[in-house]
Amino acid sequence: MMYDLIIIGAGPGGLAAGIYARYFRLNAVVLDNIEQPSQLAMAPKVANYPGVEQIPGTELIERMKKQVKALGGTIKEEKASAIKMEKDKKVVYTDKGKYETKSIIIATGAVHRQGGIKGEKEFMGKGVSYCATCDGIFYIGKSVVVLGGGDTALAYATYLKSIGCDVTLIHRRDEFRGAEQSVEVARKAGVKFVLKHTVQEIVGKKSVEKVVLDDGTEIKCSGVFVAFGEVPVVDLFKSIGVKANEGGFIEVDGKMQTSVKGIYAVGDATTTPFRQVAMATGQATLAVFNANKYVREQK
Amino acid sequence: MIEIEILKTTMCPNCPPASAIVKKVAAEFKGVVVKETFIDKDEKARQRAILMGVSYVPTILINNKVEFESVPKEDDVRKAIKKALEK
C-alpha cells in the first residue's frame with residue numbers, strides 16, 4: 001500500500017500534521033515512538049496555547065491524539081528505524097513493519113540536553129533529574145536547584161516551588177532566554193535566583209547533597225533539575241541527505257520543506273527560533289498544506 | 001508468584017510506556033502480578049519510595065526490590081521475571 005504521507009513523531013507538530021492530513025484527505029499515518037515522549041508532556045502547565053487557558057502538557061497531548069482519531073486519523077505506536085529513498089517513493093521502516101509513502105513530515109522533536117557537569121551522570125536518578133513533573137514529588141519539603149535560563153527551567157522552578165520545595169534557580173547569565181512573563185511568575189512564586197554563575201560539580205554520597213558553583217560557593221540541595229535546552233532527534237535523517245545546521249537542527253525553507261524534496265520538518269527538530277507548541281502546530285499546518293500539493297503533483 | 005510494582009506519577013511522560021512494556025511482557029508468564037502505584041496520589045507510597053532510595057519515575061520493583069529506574073527494554077524485563085521466578 002502506498003501512503004500519501006507518513007508523519008514521524010507524535011508531539012504537537014506531528015499530531016497537528018495528523019489533524020490537517022485528515023482535512024486534506026491524505027492517506028496518512030502518525031508514527032508515535034512511545035520510548036521518546038514529547039517534550040510537551042514534561043511541561044507542568046501550558047498557559048500560552050490559544051484557546052486553552054491552562055493545561056498540563058500531558059493532557060494537551062492526549063487531547064490532540066483524541067482529535068486525530070476522532071477525525072479518522074491513524075496513530076501507530078511504532079518507532080521509525082530507517083528511511084530509504086527509491087525512485088518515486090520513500091520507504092519508512094519501523095520496529096513493526098514498513099510504509100511506502102510519497103511524502104514525509106519529520107516531527108521527531110528533541111530530547112533534553114545534558115549539562116556535562118561533574119557528578120551529573122553519577123547522580124542521575126539519585127538526585128539529578130531532567131523532569132520536574134516526574135520526579136519533583138520526591139523533593140517536597142526539601143531544597144532543590146534548577147539549572148538553566150529558558151522557559152523550561154523557569155517552569156520547573158515555579159512548579160517545584162508550588163509543590164513545596166525550596167527552589168534556587170542557577171543561571172549563567174543575568175538575563176533569561178525564557179519569556180519575561182515566566183521570570184515574573186517564578187519570582188512571585190518565591191524562587192531564589194543565583195545569576196551569572198555555573199555549577200561546577202554535583203556532590204554527594206549515596207545521593208545529591210550539594211552543588212558547588214564556579215566561585216566555590218556551595219549550595220546544599222537534595223535535587224538538581226537540569227534544563228539546559230534540547231538536542232534534536234534527527235539521526236535517522238542524515239543518511240538520506242536531510243541538511244541540518246551545526247547544532248543538528250534540520251534546515252527548512254518557507255514551505256517547511258527540507259533539502260530533500262517531499263520531506264518536510266516541523267517543530268523542535270528544526271532550526272525554528274522559538275520552540276513553542278503554537279509554533280510546532282503552525283509549522284505542521286503549513287507542512288501538510290505543501291505536502292498535499294506535492295502529493296497531488298505526483299499523481 | 002511474583003509481584004511487579006510500577007512506581008509512577010500522573011504527569012510523567014515516561015511512565016505510560018514503561019507500564020505498557022511491563023504489562024505486555026508480564027502477560028507472557030503465569031504467576032506474575034503487575035501493580036501500578038501513583039506516588040503523587042498516595043502519600044504512604046511516596047514515603048515508602050523515598051525510604052527505598054527511589055527518586056525517579058518510572059521505577060519498577062520486582063518483589064519489592066528496585067529492578068529498573070527507567071523505561072526498561074522488553075528483553076530485560078523478560079530476563080528479570082525469569083530470574084525472579086527461578087528463585
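Letters go in sequence order (proteins before strands), and every chain restarts at 1.
Using a 4.5 Å cut-off between heavy atoms, A/I140 contacts chain B through both its backbone and its side chain. Proximity to chain A is absent for every atom of B/V71, based on heavy atoms less than 4.5 angstrom apart. Residue A/Y130: no heavy atom, backbone or side chain, is found under 4.5 Å from chain B.
Atom NZ of A/K65 sits in a crowded spot, with more than 12 heavy atoms from other residues, nucleotides or ligands closer than 6.0 Å. Under a cut-off of 6.0 angstrom, the local environment of CD in A/Q114 is crowded, with over 12 non-hydrogen atoms contributed by other residues, nucleotides or ligands.
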Please assess B/I50 against A/K142 for the test side chain to side chain contact (heavy atoms under 4.5 Å, CB included), listing each intermediate value before the final yes or no.
-> CA-CA 12 Å; B/I50 289 170; A/K142 296 179 181 174; 4.1 Å; yes

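The shortest heavy-atom contact between B/S55 and A/K126 is OG-CA, 3.6 Å. The shortest non-hydrogen separation linking A/G125 to B/Y56 is CA-CB, 4.1 Å.
Looking at B/T9 and A/T133, their side chains never come closer than 4.5 Å, going by heavy atoms from C-beta outward. Within the 4.5 Å cutoff, no side-chain heavy atoms of B/P13 are placed close to those of A/S38.
With rounding to the nearest 0.5 Å, the separation of OG in B/S70 from CD in A/E35 is 10.5 Å. To the nearest 0.5 angstrom, A/C131 atom SG is 8.5 Å from B/M11 atom CE.
Of the listed residues A/I61, A/L40, A/I34, A/V128, the one with more heavy-atom pairs under 4.5 angstrom with chain B than any other is A/I34.
Of the possible donor and acceptor atoms, none in the side chain of B/D40 sits under 3.5 Å from a partner among the backbone N and O of A/I137.
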